[in-house]
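Right, one structure below, let's go through it.
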Amino acid sequence: MNAFAQLRAARKARRIPQLLLGLMGYGAAVMLLVQSGLGAASWNVLTEGTAKSLDISFGWATNLISLLVLIAWIPLRELPGLGTLLNVAIVGFTADATATVLPDPQGPLAEIGYLALGLVALAFFDALYLGAQFGSGPRDGIMTGLVRLTRLPVALVRTGIEVAVACAGWLLGGTVGVGTVLIALCMGPLVGCFLPRVAVRLPADCAPHGTPADREKTVAAPQRPAVR
């Protein structure tokens with residue numbers, strides 16, 4: 001669905017709050033992982049490595065990577081939507097807001113707790129905002145595009161992306177910790193588990209290729225999601 005089709009699609013009373021909650025929760029989960037001190041997510045490793053290699057700030061590196069990732073959407077035929085724009089606007093703001101109220105973990109057990117909670121929360125809220133079917137963020141668009149084109153499971157595609165990005169970031173000088181490895185290996189299976197359970201079902205006539213005969217059915221978002 002393009003942006004207009006996403007806005008016209010049914011069940012907005014559930015989809016819009018789900019989108020906002022998912023993005024805010026995602027930002028908070030990112031900061032939980034950062035505060036754990038045990039290793040950041042793969043994309044943050046790549047951002048750090050890019051910043052060091054190009055001698056630019058972390059923020060400028062984030063913007064540069066987002067731009068390059070959005071360009072990569074073109075061959076994948078991904079379409080931006082409301083979720084794409086709000087992802088950029090909300091996730092970083094929520095992460096910064098969380099940092100102001102989240103206490104530093106005291107001791108190894110607290111650090112492990114932050115890492116475990118952050119990992120599960122990151123996967124859940126990632127699936128939650130994707131399941132609202134308002135389009136994916138720049139980085140998740142790579143996942144959904146590859147899932148659609150390759151017909152491979154979400155878990156396999158997501159894990160491959162996480163590992164590749166973490167390795168690229170490490171080669172560029174980014175910091176990799178045990179948490180980075182754990183996130184890279186677990187995010188795919190966790191998102192693949194959560195996504196079918198939280199994805200909003202839309203009438204078949206909301207699908208881009210729906211036919212009149214299909215309109216008596218509903219489109220469930222499976223592991224190969226209908227999110228576009």
Side-chain angles (χ1 to χ4, degrees), residues 26-27 29-78 84 87-88 91-92 95 111-112 114-127 129-130 136-195 223-225 227:
Y26 189 93
V30 166
M31 189 49 58
L32 263 175
L33 292 170
V34 172
Q35 292 284 76
S36 75
L38 297 177
S42 300
W43 286 102
N44 288 339
V45 175
L46 179 60
T47 301
E48 181 185 0
T50 301
K52 289 181 178 179
S53 298
L54 299 180
D55 195 23
I56 58 178
S57 71
F58 191 90
W60 276 108
T62 300
N63 294 336
L64 176 61
I65 291 173
S66 295
L67 176 60
L68 294 175
V69 168
L70 284 174
I71 292 174
W73 279 30
I74 297 173
L76 294 176
R77 293 178 293 173
E78 281 293 288
T84 311
N87 184 289
V88 178
V91 171
E111 292 174 350
I112 293 172
Y114 271 37
L115 175 63
L117 180 59
L119 173 57
V120 175
L122 191 73
F124 174 76
F125 287 113
D126 190 37
Y129 99 78
L130 285 173
S136 57
R139 293 158 182 81
D140 281 317
I142 297 294
M143 178 191 72
T144 56
L146 288 175
V147 167
R148 189 186 70 254
L149 292 179
T150 64
R151 299 296 179 183
L152 293 174
V154 167
L156 180 61
V157 173
R158 182 59 179 260
T159 300
I161 293 172
E162 293 286 336
V163 172
V165 168
C167 289
W170 177 72
L171 290 173
L172 290 172
T175 303
V176 175
V178 62
T180 307
V181 177
L182 189 63
I183 294 166
L185 295 177
C186 295
M187 272 295 290
L190 285 172
V191 173
C193 175
F194 287 133
L195 186 55
Q223 277 195 299
R224 301 184 182 101
V227 181

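Heavy-atom basis, side chains included; hydrogens, waters and symmetry copies ignored. Along the sequence shown, the residues carry numbers beginning at 1.
- Taking CG of Leu152 as the start and CE of Met143 as the end, the distance is 13.0 Å to the nearest 0.5 Å.
- Leu115 places a side-chain heavy atom less than 4.5 Å from the side chain of Leu33.
- Separating the CZ atom in Arg158 from the CG atom in Leu195 is a distance of 10.5 Å, to the nearest 0.5 Å.
- The backbone N or O of Tyr129 sits nowhere less than 3.5 Å from a side-chain atom of Tyr26 that would complete a donor-acceptor pair.
- By the 4.5 Å heavy-atom criterion applied to side chains, Arg77 and Leu149 are counted as neighbours.
- A heavy-atom distance below 4.5 Å is found between the side chains of Leu172 and Leu46.
- No side-chain donor-acceptor contact under 3.5 Å links Ser53 to the backbone of Thr50.
- Trp73 has its side chain out of reach of Thr144: every pair of non-hydrogen atoms, C-beta onward, lies at least 4.5 Å apart.
- Contact check for Glu162 versus Leu185: no side-chain heavy atoms found under the 4.5 Å cut-off.
- A 4.5 Å side-chain heavy-atom check between Leu38 and Leu182 finds every atom pair outside the cut-off.
- Nearest approach of Ser36 to Tyr114, heavy atoms of both residues: CB-CB, 3.7 Å.
- Side chains of Met187 and Leu190 form no contact here, defined as non-hydrogen atoms less than 4.5 Å apart.
- Remark: the backbone N or O of Leu76 is paired with a side-chain donor or acceptor of Arg148 at under 3.5 angstrom.
- Around CH2 of Trp170, the count of heavy atoms belonging to other residues, nucleotides or ligands within 6.0 Å does not exceed 12.
- Under the 4.5 Å side-chain criterion, counting only non-hydrogen atoms from C-beta, Thr150 is not in contact with Leu156.
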